[in-house]
Amino acid sequence: MDLDVKVQGDLEIVMTRSFDAPLELVWEAHTKVEHLKHWWARGHECDAELDFRPGGTWRFVEHGPDGERWAFRGEVREIVPYELIVQTFEWEGLPGHISVERLEFAFKDGRTVLTGTSTFANREDRDGMVASGMEHGARDSYRALEEYLKTMA
């Protein structure tokens, strides 16, 4: 299944993607920095820091093919093992525009389904994220994850 992206209400973007992999592997790929750096940045080189615990922080720096760099950061707010991660998300290029991401994991019909709901402080921030091309970036990252999961099996 390719990525399904929906704008919901005034403040949310909901993205759903399933993976042909066990839930435990998809969870591990999202919770351990040694795995995240291989897929999160669309397959580009990525510097990754993650303190995976409630109150912990994360920061990823994607290195583009022409020397560009994009940095993102956030705080881990809630963890329910193999079910839920709630964290903030902020692009350092536009500081102060922070969304809250709710990543829900489920295993259905032999596939792991990941549903990510991003909630923004206002409609302008949400619409700005949609206009930024985030759907393309998320789609590329999840394709990179699908390929990386094959190496973890």
Would you please test Arg143 and Glu146 for salt bridge (Lys or Arg N to Asp or Glu O under 4.0 Å) and show each step? CA-CA 5 Å; Arg143 283 185 187 137; Glu146 184 81 45; over 6 Å; no
Side-chain contact, heavy-atom cut-off 4.5 Å: Val7 with Arg126? yes
Looking at CG of Leu25 and NZ of Lys150, how far apart are the two atoms once the value is rounded to the nearest 0.5 Å? 13.5 Å
Please tell me whether His35 and Trp27 form a close aromatic pair, meaning their ring centres lie under 6.0 Å apart. no
Any non-hydrogen side-chain atom of Trp91 less than 4.5 Å from a side-chain atom of His97? no
Can the ring centres of Trp70 and Phe72 be said to be less than 6.0 Å apart? no
Which class fits the ring pair His30 and Tyr142: parallel under 30°, tilted 30 to 60°, perpendicular over 60°? tilted
Side chain proximity check, Glu92 to Arg59, heavy atoms < 4.5 angstrom: yes
Determine, using the 4.5 Å side-chain heavy-atom cutoff (strictly less than), whether Phe89 and Ile98 are members of one ILVMFWY cluster. no
If I compare all heavy atoms of Ala29 with all of Leu149, which pair ends up nearest, and what's the gap? CB-CD2, 4.1 Å
Calculate, to the nearest 0.5 Å, the distance between atoms NE2 and CD belonging to His63 and Glu68 respectively. 11.5 Å
Please confirm whether Arg17 makes a cation-pi placement over Phe19, using NZ or CZ under 6.0 Å from the six-membered ring centre and within 45° of the ring normal. yes
Electrostatic pair Glu135-Arg139, nearest N-O below 4.0 angstrom: yes
In the structure I gave you, are the side-chain heavy atoms of Thr115 and Val14 within less than 4.5 Å of one another anywhere? yes
Between Ser132 and Met129 (side chain of the first, backbone of the second, donor and acceptor by atom type, cut-off under 3.5 Å), is there such a pair? yes
